[in-house]
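Before any comments, here is the structure.
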Amino acid sequence: ENGGQPLMADASKMTEMMQKNPEMLKNMAKAMKNMDPEQLSKMGISPDQAAKLGDTVDQMDPATLESLMKWGGRAAKVASPFVAGYQRIRSLERQTVMHIMILILAGLVIGHLTGSF
């Protein structure tokens, strides 16, 4: 369960599709205005924000919208490895994370005591 938020791979695919078809973004922004407020809140968006987004995207000229989608695609590519790493760490069990932290701490203590660093 990811709280209604898209996975990074899904978001990257969606961004790529919207780069090829900016009208898709306009249609999605219009659809968000009519979404159930509960569904919007699961995605971290208020109904007011959805309405503003829909109006803003609807008023953009095609060149600006295309530029926005290109930069969004670039940002998604840069962020993808970091988000994937974060999601992987979040999926680890707490006990595993605790063991890793203890091993790191032990390594630091041993390194300090032996003068290695």
Side-chain angles (χ1 to χ4, degrees):
E1 179 68 28
N2 60 356
Q5 304 222 349
L7 298 174
M8 192 63 190
D10 296 338
S12 294
K13 286 179 189 174
M14 189 178 295
T15 301
E16 186 178 324
M17 286 179 8
M18 284 189 273
Q19 277 181 325
K20 294 176 184 171
N21 184 3
E23 278 300 310
M24 181 185 277
L25 177 63
K26 286 189 175 193
N27 292 334
M28 188 173 14
K30 287 178 188 176
M32 286 181 74
K33 286 198 236 181
N34 302 320
M35 274 181 111
D36 176 37
E38 186 177 322
Q39 185 67 25
L40 287 170
S41 70
K42 285 182 180 179
M43 296 182 343
I45 301 170
S46 73
D48 187 45
Q49 288 172 323
K52 286 179 184 177
L53 174 66
D55 293 341
T56 301
V57 171
D58 203 30
Q59 295 172 6
M60 277 187 194
D61 67 287
T64 302
L65 190 58
E66 185 178 332
S67 175
L68 177 68
M69 295 313 304
K70 282 182 183 177
W71 280 103
R74 291 175 185 150
K77 286 179 184 175
V78 169
S80 180
F82 299 104
V83 172
Y86 174 75
Q87 289 173 340
R88 177 166 245 176
I89 289 170
R90 292 269 324 229
S91 70
L92 293 174
E93 292 183 23
R94 285 189 173 159
Q95 187 174 7
T96 303
V97 173
M98 190 59 97
H99 286 139
I100 292 170
M101 291 176 66
I102 290 170
L103 288 172
I104 291 171
L105 180 61
L108 290 172
V109 169
I110 291 170
H112 176 72
L113 293 175
T114 61
S116 297
F117 43 88

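For reference, positions follow the sequence shown, starting with 1.
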Only distances under 3.5 Å count here; give the side-chain donor-acceptor pairs of residues 89-111 to other protein atoms, sequence neighbours excluded, each with its distance to 0.1 Å.
residue, atom, partner, partner atom, Å
Arg90, NH1, Tyr86, OH, 3.0
Ser91, OG, Arg88, O, 2.7
His99, ND1, Gln95, O, 3.2

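- Shortest non-hydrogen contact noted between Leu40 and Ala50 is CD1-CB, 3.9 Å.
- In this structure, the separation between CG on Leu68 and NZ on Lys70 is 12.0 Å, given to the nearest 0.5 Å.
- Note that NZ of Lys42 and CG of Asp36 are 8.5 Å apart. Values are rounded to the nearest 0.5 Å.
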Determine, step by step, whether Val78 and Arg74 satisfy the side-chain contact (heavy atoms from CB on, under 4.5 Å) criterion, reporting the C-alpha distance in whole Å, the side-chain angles of both residues, the deciding distance to 0.1 Å, and the verdict.
-> CA-CA 6 Å; Val78 169; Arg74 291 175 185 150; 5.6 Å; no
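- Counting only distance, with no hydrogens or angles, the side chain of Gln49 and the backbone of Ser46 share a donor-acceptor pair below 3.5 Å.
- In terms of the side chain to side chain contact (heavy atoms under 4.5 Å, CB included) criterion, residue partners of Lys52 (sequence neighbours excluded) are, by chain and number, Asp48.
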